[in-house]
Amino acid sequence: MTQSTQHQFTSDVLTNYPLNLALLDEVFNKEGKVNTHYTKVLDQFSCYSVEDFKELNEHAKLSFFNQGVTFAVYSDKSKGVERIFPFDLFPRIIPAAEWQRLEEGIIQRNMAINWFIHDIYHEKLILKDGVVPAELIFSSKHYTKAMLGMKPVGNIYNHISGTDLIKHSDGQYYVLEDNVRTPSGVSYVLSNREAMKKTLSGLFRKYNIRSVQDYPQHLLSMMQSVAPESADNPNCVVLTPGMYNSAYYEHSFLAHNMGIPLVEGRDLFVDKNFVYMKTIYGPKRVDVIYRRIDDDFIDPLVFRPDSVLGIPGIMAAYREGNVTLINAPGTGAADDKAVYSYVPAIIKYYLNEEPILNNVHTYRCELETDYKYVMEHMEELVIKPVDESGGYGILIGSRSTKEERDEFKRIITANRRKYIAQPVMSLSVHATFIEEENVFEPRHIDLRTYALLGKDKQFVLKGGLSRVALRKGSLIVNSSQGGGSKDTWVLEE
Amino acid sequence: MTAEYLIEYYTRNVYESPVTEALFEFIVTPASDSAQQLKEIKYGCSLPGQLFHHTNPFGFVATNLRTIKPFTEFEFSMIARVEKTYIAPKTYQPLSPEEELFLLASRVFIIDHYHFLEFTKYTTIIDEHANWIVYKQRRQPVFDFLQELNQYIYSRLEFDPEPTNVHTTASEVINLGKGVCQDYTHLFLAIARKNRIPCRYVSGYLNQGGNLTGAAVMHAWAEAFIPGLGWCGFDPTNNLLVDNNYIKAAYGTDYSDCSPMKGVLKTTGNHHTDYQVKVTQQATEPGSQQ
């Protein structure tokens with residue numbers, strides 16, 4: 001490891017920052033100099049002592065307690081334990097020009113995915129033209145015949161997309177995943193900003209930072225834009241599976257900030273192909289539903305008959321055009337990790353444009369040559385199931401034991417369609433306050449972005465969730481896997 | 001030449017304890033297509049609440065009813081008048097076996113008929129029953145093969161309404177060696193699809209006049225896509241080709257897309273369902289006969 005001694009800080013927390021030249025550091029360049037857009041942060045931080053940082057850190061944590069920002073982890077050990085999402089004081093800063101390009105790329109990508117979803121439920125031209133293998137789509141567990149021929153308002157399917165990006169050691173952004181079912185985490189973006197404003201208000205004023213607090217307004221106006229035409233003054237709601245869901249905080253946060261009702265399945269019913277909400281004044285028609293319930297559970301008449309979370313008959317109301325569901329059911333067939341590898345081709349096919357954002361090279365185990373390569377190079381690859389999210393079921397070859405690799409070889413061979421592999425991407429690192437040691441150290445980060453597609457309206461949240469792999473050397477940034485987050489500042493021109 | 005039928009569907013359901021909230025869905029309305037026309041329809045229901053309809057993903061009418069007034073029994077009925085257009089005996093010139101095979105294997109064809117080629121829960125034959133599957137000879141026309149398949153299933157299974165229920169799969173039918181029209185049809189679908197011939201499940205009504213099996217209840221049969229001809233109906237329960245006596249209500253990938261009645265209810269305990277179907281051929285009006 002090469003250390004740099006060129007920075008001039010007086011504060012103890014930054015003097016021994018272990019700069020690793022093999023990795024791309026967002027804050028420092030290869031000579032150990034501070035990247036210009038970070039100088040004001042470092043000027044300010046160098047005035048603080050270790051005790052100051054500890055205090056600021058506690059202050060920020062308190063802000064989360066006060067905001068009630070928690071999440072629950074699904075695992076055998078910790079059933080229903082509420083945790084606070086670890087938050088880091090050092091903001092991630094993205095310069096205006098860099099952001100501009102990202103934003104264009106995110107919109108391009110999600111528009112193309114939207115056309116793709118439309119196509120696979122209608123003419124299936126991209127499959128017939130052999131650009132994307134038909135089997136890949138038809139074998140996806142998220143591809144549903146309930147969506148055949150369905151044309152939602154404005155022809156929008158993936159109203160809300162969460163595109164995950166990383167910055168590689170070559171300085172380029174790469175898309176890691178497309179999330180077009182129900183991407184979560186946006187409430188943390190807004191809460192992080194709130195905590196940051198309270199904790200480091202002085203620093204905040206030294207930058208011209210684009211707002212993230214307008215997200216709920218944009219979300220609501222997107223929802224209104226796709227209301228059924230018959231709705232004059234659309235009634236929009238957020239539908240949650242309930243308070244035991246890991247993202248319940250976010251559901252209530254979004255409903256509260258949009259000023260619309262938060263409902264559960266039992267609060268709604270369908271009659272005469274319209275959806276109604278039970279209120280003390282009697283039934284009230286519902287026009288747009290931001291549903292945070294998985295496809296399988298939204299309508300027991302159409303999907304899982306044992307679901308008690310959903311609303312019987314809602315798919316019929318939807319197909320009759322009397323209610324809009326956000327996102328559309330069946331979008332998961334497009335964010336499958338095996339489909340991911342075709343997104344550049346999907347962009348060219350529908351938009352006739354070169355993809356702005358890079359894709360990570362992906363080996364598809366169902367292909368004979370790729371399968372062989374994966375079996376032989378497991379230690380150099382990251383292996384992922386195609387239809388899981390949240391960082392579950394992943395094998396990182398270089399960190400695995402022989403037993404783990406043998407086990408993966410067995411399960412991949414048993415179900416090749418289910419697995420893809422990618423080279424280990426070198427995620428950029430960012431200075432991060434390490435509580436146990438009271439110093440800043442580099443930690444790997446990624447970026448979850450949030451894009452909205454409405455009727456003739458596109459919006460990307462100016463910022464996003466910079467997730468931090470808090471464990472030293474770890475590459476997994478998901479909150480459910482011990483990750484934290486940073487406020488992400490997008491600068492004005 | 002046309003024939004007119006009066007079709008009656010009637011169901012009565014009794015519940016052990018009161019149902020406090022229910023949404024029912026019926027797929028029983030005769031379809032309108034090139035071979036049949038719905039002339040008149042009337043529904044009846046003993047529960048308060050207004051019936052409403054929607055079009056399902058395959059384009060058929062589904063009828064719903066929601067009620068929140070507690071009940072322990074209810075009746076639902078439908079009476080329809082349908083005109084069938086006489087289908088001329090098949091006089092088509094089959095494509096050559098090469099042309100048929102080429103079409104069945106073409107990517108566009110497979111994608112267009114994907115849903116009717118897929119092995120669903122009902123249409124999967126497990127490996128240990130592989131010896132039940134029959135395959136088309138390379139030079140055999142698809143139509144001839146399907147007629148053989150119709151005969152084959154008819155002869156291998158015994159008609160018996162007792163041992164199966166609505167959840168019986170093709171492989172379970174093979175185990176039992178007997179079943180009802182739904183089971184015959186699922187087995188037909190499973191084997192046709194093994195041959196990569198698109199095949200769909202049809203639910204409907206059979207004219208009782210000919211003393212054919214499957215009259216007092218709703219009937220099920222299969223439609224297969226014959227290259228150069230289009231969709232063609234086969235009834236493996238009776239070893240017959242579908243004709244004017246068959247009145248379609250809906251088709252889908254299997255029974256799950258066509259189940260005549262389903263519901264989501266709040267209740268506890270058992271329930272009992274009775275239903276019956278009556279198909280009567282109407283006297284042809286003077287003058288309409290050629």
Side-chain angles (χ1 to χ4, degrees), chain A residues 119-140 143-151 265-266 268-276 278 283 299-308 310-323 329-330, chain B residues 19-27 47-69 105-121 166-167 193 196 200-201 250-254 256-259 261-266:
Chain A
D119 194 15
I120 61 175
Y121 290 115
H122 292 81
E123 299 294 310
K124 308 177 184 74
L125 296 173
I126 197 167
L127 308 181
K128 290 177 183 172
D129 286 338
V131 177
V132 174
E135 256 322 294
L136 193 65
I137 301 310
F138 294 150
S139 63
S140 163
Y143 185 72
T144 171
K145 59 192 173 192
M147 284 298 290
L148 288 175
M150 176 65 199
K151 192 170 174 264
R266 60 187 174 186
L268 303 181
F269 68 88
V270 172
D271 197 11
K272 298 174 192 67
N273 291 330
F274 284 90
V275 181
Y276 296 92
K278 299 167 186 167
D299 187 344
L301 266 184
V302 176
F303 302 106
R304 281 178 60 156
D306 58 341
S307 168
V308 291
I311 303 104
I314 198 168
M315 282 302 288
Y318 177 60
R319 288 194 64 94
E320 293 294 308
N322 296 331
V323 69
Chain B
V19 178
T20 51
E21 188 173 340
L23 184 74
F24 289 105
E25 181 164 306
F26 299 93
I27 301 182
L47 294 173
Q50 196 188 318
L51 295 169
F52 54 100
H53 310 275
H54 72 269
T55 309
N56 81 2
F58 294 101
F60 298 99
V61 174
T63 303
N64 294 94
L65 173 77
R66 174 178 189 267
T67 181
I68 46 168
K69 193 169 176 247
S106 85
R107 180 165 64 212
V108 170
F109 182 86
I110 291 170
I111 290 169
D112 274 335
H113 298 108
Y114 159 73
H115 290 281
F116 306 115
L117 285 165
E118 190 194 20
F119 299 103
T120 62
K121 187 186 99 190
V166 294
H167 304 296
R193 289 179 193 177
R196 311 309 294 145
R200 58 198 189 192
Y201 183 99
Y251 65 69
T253 60
D254 60 24
S256 68
D257 291 330
C258 307
S259 79
M261 173 181 161
K262 57 183 174 181
V264 178
L265 344 167
K266 282 187 189 153

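For clarity, every value in this text was computed on a predicted model and none was experimentally measured. By convention in this document, chain letters (A, B, ...) are assigned in the order of the sequence lines, proteins followed by strands, and residues within each chain are numbered from 1. Keep in mind that the numbers below use all heavy atoms, side chains included, and drop hydrogens, waters and symmetry copies.
- The two atoms that bring A:Y121 and A:G330 nearest to each other are OH-O, 2.8 Å, heavy atoms only.
- Contact of B:T55 with chain A is made through backbone and side chain together, with heavy-atom distances under 4.5 Å.
- Residues passing the ring pair (Phe, Tyr, Trp, His ring centres under 6.0 Å) test with B:H113 are B:F109, B:F225, B:W231, sequence neighbours excluded.
- Under the side chain to side chain donor-acceptor pair (under 3.5 Å) criterion, B:R196 pairs with no residue at all, not counting sequence neighbours.
- Using a 30° and 60° split on the angle between ring planes, B:Y251 and B:F60 fall in the perpendicular class, above 60°.
- Ranked by heavy-atom pairs shorter than 4.5 Å toward chain A, the options B:I111, B:V264, B:L65, B:I110 are led by B:I111.
- Proximity to chain B (any heavy atom under 4.5 Å) is restricted, for A:Y143, to the side chain, taken from C-beta onward.
- For the set B:K262, B:R107, B:E118, the count of heavy-atom pairs under 4.5 angstrom toward chain A peaks at B:R107.
- Taking chain B as the reference chain and counting heavy-atom pairs below 4.5 Å, the highest number among A:P305, A:G130, A:G313 is found for A:G130.
- Of all the listed residues (B:N56, B:I68, B:D112), the one sharing the greatest number of non-hydrogen pairs under 4.5 Å with chain A is B:D112.
- When each of B:A62, B:P57, B:S106, B:S256 is scored by its heavy-atom pairs under 4.5 Å with chain A, the top score falls to B:P57.
- Ranked by heavy-atom pairs under 4.5 Å with chain B, the list A:K124, A:E320, A:M315 is led by A:E320.
- No donor-acceptor pair under 3.5 Å is formed between the side chain of A:R319 and the backbone N or O of A:G149.
- Considering NZ of A:K278 and CZ of A:F269, their distance stands at 7.0 Å, rounded to 0.5 Å.
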